[in-house]
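The structure under discussion appears below in the form of structure tokens.
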Amino acid sequence: MSSPSRFALALTQPGEPNHPISDVFMNQQPPPQSETSKAQDSKDPRVARREKLRQIEARGLDPFGVRFDDRTMIGRCHQLSSEIRWTREDGTDVPLPDFDDPDLDYRQWKADHGPGTETGPNVRVAGRIMLARGQGKLIFLTLRDWTGDIQIFIGKKQVGDDDFELAKLFDLGDLVGAEGRLGRTNTGELTVFAESLFFHAKMLEPPPDKHAGLTNPDLRQRMRYADLAFNDGVLQTFLDRTEIVRSIRRTLDNEGYCEVEGPTLHMIAGGAAARPFATHHNTLDMPLTMRIALELHLKRLMVGGMERVYELGRVYRNEGISPKHNPEFTMLECYQAYGDYNTMMDLTERLITDSIEAIGGGLIRQYDGKTIDFTPPFQRATYAELFQQHTGVDPSDEAAVIQYAKQIGLDPEDTHPDVVRNEIFEAKVEDSLDGPIFVIDYPASICPLTKRKRDNPAVAERFELFILGMEVANAYTELNDPDLQEKLFETQLEGQDEEDSMAKMDHDFVRALRHAMPPAGGLGVGIDRLVMLLTDKKSIRDVILFPLLRPENA
RNA sequence: GAGGGUGUAGCUCAGUCGGUAGAGCAACGGACUUUUAAUCCGUUGGUCCAGGGUUCGAGUCCCUGCACCCUCACCA
């Protein structure tokens, strides 16, 4: 976080002038007693922080601050550094040296070019104290807001005895403010030379290790606020996630899509194969499930005339937790009337390349030490081709497929041949798909919501996008034939448990299709996995702010 | 669900063969007006995840439980 964030909007802050807290806040109340005063508490760093809080109050300041207007965001300070001038006594400006040069000795440079004076714009910054270096009657702080870090110079002579006493009550993690001139220290570091100080909020808990941060993964997830505040890059990852989601909305909005909000409580958890969370409505005395997909309601809307429609929202699947699975996760589903799965392939590429543009870093990216080239068009290959390539077995040769399944330890008995094929595909092909690659044309019987190819009803017009073995997107030419849909809902594939089936009878959905849904392409994207890939994060928990955890031990 | 790993100071981590509980950072006291994870001197700080067992003696060995991580299974 030492470089300014690309969250450009945050660099300016609306507001009115305000006043140092000492002018507007006079707290005459006695300081509150700390909750406990047991002997062992003297060992606890929290006690020292409570004591400083009391002393801040005793100085007539609110240890939890007041409004602070006309703030200069720290990223903006870095931009304003170009306004720093070095003026000789004769009034001429000397161009400043290159402060990025690690060998620069600014003290020497000033001696060589002086005598003169450095001037710079006045700024008012606020943020969290990340580092503090005391040096007698001097204190250096490293202050961080969400646009970057900057150093604050606090000299006893410069801020006065009063503010210097206040600065001695600062702890790592406190939120403070400073007003003063922007300039450079002898080493050339951009610095706010404080003339007055402000106190905004006391951190009463001890901060994590100032260098290592909070590394305990359990604590990082339970105390995400501390993870965000003290671990480098965490905030940026989540800001990147926001940028990716914004970009996806922008891309779809620009293409004329309309965003909607479907119900999250479903009577029938359809649209995907997954176990749902069960819940209950009391007044209606009715069992309900949390949605596992967005699909069936968005298609109902296409029947109603929403020709380009999408929803970007949370779905819930009551299944295992792993580095790639969280019980609730974010899906995008979008549907385009009169399109097909090829339409959605092109759209998928635009959604991803636009997202990359939004967070920067280029189309060729690193993930876990591997390189992913997102330059479109992405590779395309059929399911059957890849099957043949990776297994050496012709997927249309049923006997050979069964033979191969037994060979790799699968049990093909009483199981539909397409399910067997797919188990082989998942076991032997998916993991080696580095991609980005569109796998197209799936066996029809495992795709009950997908239109079949006109010339080959055994194949469904479906693709999945794989990147480094991870399924990122899934799309169909949507099945809009109500009679076939009803039939597919009735067909339970052999060897498949009911809860594993995507085909759950939904009479209302079939009735909707009977009102005529236009031929359409539909796409689903796992947003969390896309964010993982674009931000180089190995665990879905690193891109979900508050992943599901077991309750904390008391 | 199975296997493996981890759990020690506020944080990050050592802890040998079973023999008085350690370091760095943070905190507290002191020196220092251009530092950069500031430095230097000094001090304080422990339910060794929980419970049980073996033992003269357990952070260490054994059993049970809990939490987290990893791999696998499940899960498009």
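In what follows, chains are A, B, ... by sequence order, proteins preceding strands, each numbered from 1. Every value quoted in this text rests on a predicted model; they were computed, and no experiment measured them.
Put simply, the residue from A:Glu385, A:Glu464, A:Glu349 that forms a salt bridge (Lys or Arg N to Asp or Glu O under 4.0 Å) with A:Arg380 is A:Glu349.
When heavy atoms are screened at a 4.0 angstrom cut-off, A:Asn216 is found touching the sugar-phosphate backbone but no base atom. Within the nucleic acid shown, A:Ala132 comes within 4.0 Å of sugar-phosphate atoms alone, with no base atom in reach, counting heavy atoms only. A:Gly213 comes within 4.0 angstrom of sugar-phosphate atoms only, judged by non-hydrogen atoms across all strands, and of no base. No contact: A:Glu205 has no heavy atom under 4.0 Å from any strand. Within 4.0 Å (heavy atoms only), A:Asp218 reaches sugar-phosphate atoms of the nucleic acid but no base atom. Residue-level contact check: A:Arg541 touches the backbone only, with heavy atoms under 4.0 Å from sugar-phosphate atoms and none from bases. Base engagement by A:Lys157 is indicated by at least one non-hydrogen atom pair under 4.0 Å involving a base atom. Contacts of A:Arg107 with the nucleic acid, taken as non-hydrogen atoms under 4.0 Å apart, involve only primed sugar atoms and P, OP1 or OP2.
OP1 or OP2 of B:C69 lies within a sub-4.0 Å distance of a side-chain N or O belonging to A:Gln221. One finds no side-chain N or O of A:Arg133 lying less than 4.0 angstrom from the OP1 or OP2 phosphate oxygen of B:U35. Between A:Arg46 and B:A26 there is no side-chain N or O to OP1 or OP2 distance below 4.0 Å. Contact check, A:Ser322 against B:C72: no side-chain N or O comes under 4.0 Å of OP1 or OP2. Between A:Gln135 and B:U39 there is no side-chain polar atom (N or O) within less than 4.0 angstrom of OP1 or OP2. When the side-chain nitrogen and oxygen atoms of A:Thr185 are compared with OP1 and OP2 of B:U35, none of them lie within a distance under 4.0 Å.
Contact check on A:Asp162 versus A:Arg59 returns a salt bridge, with a Lys/Arg side-chain nitrogen under 4.0 Å from an Asp/Glu carboxylate oxygen.
A:Asp528 pairs by the side chain to side chain donor-acceptor pair (under 3.5 Å) definition with A:Arg241, not counting sequence neighbours. Applying the ring pair (Phe, Tyr, Trp, His ring centres under 6.0 Å) criterion to A:Tyr442, with sequence neighbours excluded, gives A:Tyr383. When the ring pair (Phe, Tyr, Trp, His ring centres under 6.0 Å) test is applied to A:His390, no partner is found at least two apart in sequence or on another chain. Scored by the side chain to side chain donor-acceptor pair (under 3.5 Å) test, A:Lys52 finds A:Asp171 as partners (sequence neighbours excluded). Every side chain to side chain donor-acceptor pair (under 3.5 Å) that A:Glu478 has, sequence neighbours left out, goes to A:Lys299.
Comparing A:Lys52 and A:Arg529 along RNA chain B, the residue whose closest nucleotide (by nearest heavy atom) sits nearer the 5' end is A:Lys52.
A donor N or O paired with an acceptor N or O is found under 3.5 Å between the base of B:U35 and the side-chain atoms of A:Gln151.
At whole-Å resolution of the value, CD in A:Gln158 and C1' in B:U33 are 7 Å apart.
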For nucleotides 21-25 of chain B, give me every protein contact, N/O to N/O, under 3.5 Å, one pair per line with atom names.
unit_1	atom_1	unit_2	atom_2	d
B:G24	N2	A:Asp209	OD2	2.8
B:C25	O3'	A:Lys210	NZ	3.3

